[in-house]
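The structure appears right after this line, and notes come after that.
Residue numbering restarts at 1 for every chain, and letters A, B, ... go by the order of the sequence lines. Not measured: the values here are computed from a predicted model.
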Amino acid sequence: MLASIKSLALLALAATAAQAAVVTYDWNITYVNANPDGLHERRVIGVNGQFPIPTINVTLGDTLVINVINQIDQPTSLHSHGLFQTGNAQFDGPSMVTQCPIPPGANFTYTIPIEQHGTYWIHGHNRGQYVDGLRGPLIIHNTNETYKYDEEYTFALADWYHTEHEIMLEQYLSIFNPSGAEPVPESGLINQRTDTKFNFVPGKTYRLRIINMSALAMFHFYIDGHDMEIIEVDGIDVERKPVTSFYVTAAQRYSVLVKARADASQNFLVHADMDPAMFDVVPPELQLKVQGTIVYSESAPLAPNGVTDEYEPFNDALLVPVVPEATQKPDQIFPLTAAFSVLNDYSNKATFNDITYVMPKVPTLYTALTTGNLSSNPEVYGKYAHPMVVKHNEWVEIIINNDDPGNHPFHLHGHVFQIVGRSTGKYDPASGPYPGYIDSPNPSRRDTVLVPSEENVAIRFKANNPGVWLFHCHIEWHLQAGLATTLIEAPEVMPSVLKIDPTHIEHCKALGIPYRGNAAGNEGLNLDGANIGPDPLPGTFTAKGIVALVFTIISALLGLATVIWYAREDDAHISAQVAQAKNTEEEH
Amino acid sequence: MGGYLSIPTFFIIFRETVEAAIIVSVLLSFLRQVLNDDPVMRKRLSRQIWAGTALGLLISLAIGGGFILVWNWYGKNLWAASEGIWVGCFSFIAVLMITLIGIAMLRTNQMQEKWKLKLAKAMDNENANGLGNQSRKYALFLLPLVTVLREGLEAVVFIGGVTFTEDPKAIPLAVVAGVALGLLIGFLIYRGGNKMRLHPFFVGSTCLLMMLAAGLVSKGVAAFEADHWNRLTGAQSDDAGTFDPRYNLWALKCCDPKQPDAGWWSVANALVGWSNIASYWTVGSYIMYWGLVSAWLIRLNNKRIQKALGGGVATASRPLLSTGSSATELEEEGEAYTPVTGSSSAHASEQTLTGYDGVESSAHGGQQPHHLTRRHDGYGAVVNAGASTGTGSGAGASGVERPE
């Protein structure tokens, strides 16, 4: 094992030096009409008039160049999910974090040195455009793979909606959705189809790359009649782990090795079951159990369907990376509690520590680069970007409490992180040190981790990548609802490492977006005019409440007084009034 | 108490019981005061009250039991789906009845003797027909029925539902304690009412009833509002705890009468309609209720002054029974106390216990004068119109003996 690691490293270095190619893709982002589940044709976002969009294939050491021309009517951007972008943060993609979005009609070239290998994907990162189809596999090959296999296939799993995301987003965030029920998809897809077939030849070994490109759905993956061994998770090669099934949340990836059977007498089903717990309701017409077929022979019969509702429990913290990395004591610990509630704009929003993410007026990366010494002061980024400032090469720990009944997959840009702890309940820093640490010399590493409902997870990484990195739930609806924070990593080092291409600034100007200064676009710490997010409801009396209460009490008192007054109007009083009235009459 | 007293259950049962007990005890006390010397009538009307109470209890057990069965067997929470509508409708019916009876009691303050006869006539009248007439005749039956039905239904469904979350062995004691305390309060009101002087009793009970009714208006509106909001948001029931933000006036994190730990907040909800969430609708309807009641009382007062001043056709030939009555009431008086004329029975059917229904009576205004020359009404000698004008307060003329 160690020998293969060393040779791996050497070969990688050699490969980088000798064979570094520039792999270019020319992508026009366009609208296309498509009907991937065969149930409903709709407009989707595709590339070069095609849907699904092309798969990107590069090799460790290459430079990936994507020439984007935005030919839809909305600004857009692309994020290569899982790629470290070391010293390259300006090409990471999230809109208003590392760039202004690409205006309609404009060009933008992503230039990305490939410094890692494994299974990744690329998707839109402005609004929820990836839900409308702007998503596809990004496969990085190693010149000398850790494991040997004959062929590989990609299983890009995704949920699919029949409605455009902007419409669903409006409904999701409206005041008429106070419980925050996410839109439920209409179907599940493998490689943007419902009828995928994969050819297996008896005796061969296949690497299956499984990517979940969903907005929301979590899949359970298993294959009838075949054993699987996990060999890669989120781009990290791991020691072989045999499993019968495993779960994949939105944005996670796995590679498994599958040995084909000895004969071609039967074909077999591949299962990707959507987990109903992720959906607010499961309409009867929604097919949770998505299937593909392993074909040995076109004429062979299908083996009995092994579909099940019982899945083997799967713990990704038990996976052991092939290239070990010991953990270190953290220099900073950020406890974050994720929750959902109706805020004072009356829509159900997501919060980390009672703060909901709102995009600043200036892309956060540009703020870090144009505020000089103030870039290490979190204030300059605005409260609602929820900045977490760390110094270069510090070890950073984030403890994520999931204070919500739903399960959430959390993703950190620019890094893989170690999973160093897991426990149930809510961790309160005031109660003492974190109780759930896993003691391991080589903790599991990945870039997207599931934190189940009412549980918590501790992750750790080294801040060796100066830049601005978004940390967020990868359920797209929840990101739009504000379940995000921004990691401001080594701002003191950034200006010497990062240079912003002037064309990026031109795009900001074209969209009227400020590109210098703090979160409000001002100098220094003057944050007048910054984008303000909604806050938690006070839960106490406001001015109008007090006025209303006072009026109700007054009205009750006056009413009671009237009752008492009416009852006291006795005969003597009445006749006195009458007499007086008569007197006044007679006087006239 | 260990695990044997479910506090949430206790408070829920107590508040439901106390609200019904207040109404029933006030009515019973009222009867005792007014019909002190007519035990037959009193017994008859008391039976109405008890019959209404018992029937309300029975029906609420039956319907509530039905809801619980469906919930257990079919998993369909029918109560939650329609709770808003049920509570809203029952609330408004109860408000109407409570208000009318409350005002009636106020006016009984002035004309106790007259009331006895009115009650007697209303009970004996066999030609009474029509829903309005029937409901007036049986008001003392209907109000307890509607009240106990509403309270009982909520309590039964709650117990049926709460046994799933509460420890079952903690339920019985809580129910018994809640009912016992509620009944005790009712009993105290009854006894207290009997011992009070008449005037403060009537005023006090009316105030109590009006506060209850005002709270009920607000709660009824809130129930309809919650139902509407649930339909807008697709929620299953108003336990979602959400509200329409467009019309909201206050939304407190604390003090929610619907929570298991609500304690006295839930009692406040029963007595004055308190809620931790208020809207323009609930606050507005509450204020409007008091406004309407006040305006109405002022109008009634003006009418009796008018009457005393000699306004209205009928008054010239009407004996002034008491200055507390309106002109229209006096018209009815005439009808009530002259059984000889054939048409009087038709008019008698227009009688109301409360005597405020001016519309129908005035329609017969033209026919009345000749009915009123003779009255044997227990008030004293026959009075003639002339003596009545302007001297309403004269004991002899008005004949009202105020038993104070």
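- Contact annotation for B:Met288: neither backbone nor side-chain heavy atoms come within less than 4.5 Å of a heavy atom of chain A.
- Of all the listed residues (B:Leu297, B:Ile298, B:Thr206), the one sharing the greatest number of non-hydrogen pairs under 4.5 Å with chain A is B:Leu297.
- In this pair, A:Phe176 and B:Trp229 present their aromatic rings tilted. The plane angle is within the 30 to 60° band.
- With a 4.5 Å cut-off on non-hydrogen atoms, A:Thr542 touches chain B through its side chain but not through its backbone.
- In this structure, A:Lys289 places its NZ atom where more than 12 heavy-atom neighbours from other residues, nucleotides or ligands lie under 6.0 Å away.
- Side chains of B:Thr99 and B:Tyr289: a donor-acceptor N/O pair is present below 3.5 angstrom, by distance only.
- Checking B:Asp244 against B:His228 by side-chain atom types alone, no donor-acceptor pair falls below 3.5 Å.
- Of the listed residues B:Val283, B:Val293, B:Leu252, the one with more heavy-atom pairs under 4.5 angstrom with chain A than any other is B:Leu252.
- With a 4.5 Å cut-off on non-hydrogen atoms, A:Leu549 touches chain B through its backbone and its side chain both.
- Contacts of B:Ala214 with chain A are absent, with no heavy-atom separation under 4.5 Å from either backbone or side chain.
- Between chain B and the residues A:Ile175, A:Leu558, A:Leu537, A:Ile554, the largest count of heavy-atom pairs under 4.5 Å involves A:Ile175.
- Between the side chains of A:Asp273 and A:His220, no donor N or O sits under 3.5 Å from an acceptor N or O.
- Interface residue A:Val563: backbone and side-chain heavy atoms are both found under 4.5 Å from chain B.
- Between the side chains of B:Ser279 and B:Glu225, a donor-acceptor pair is found at a separation under 3.5 Å.
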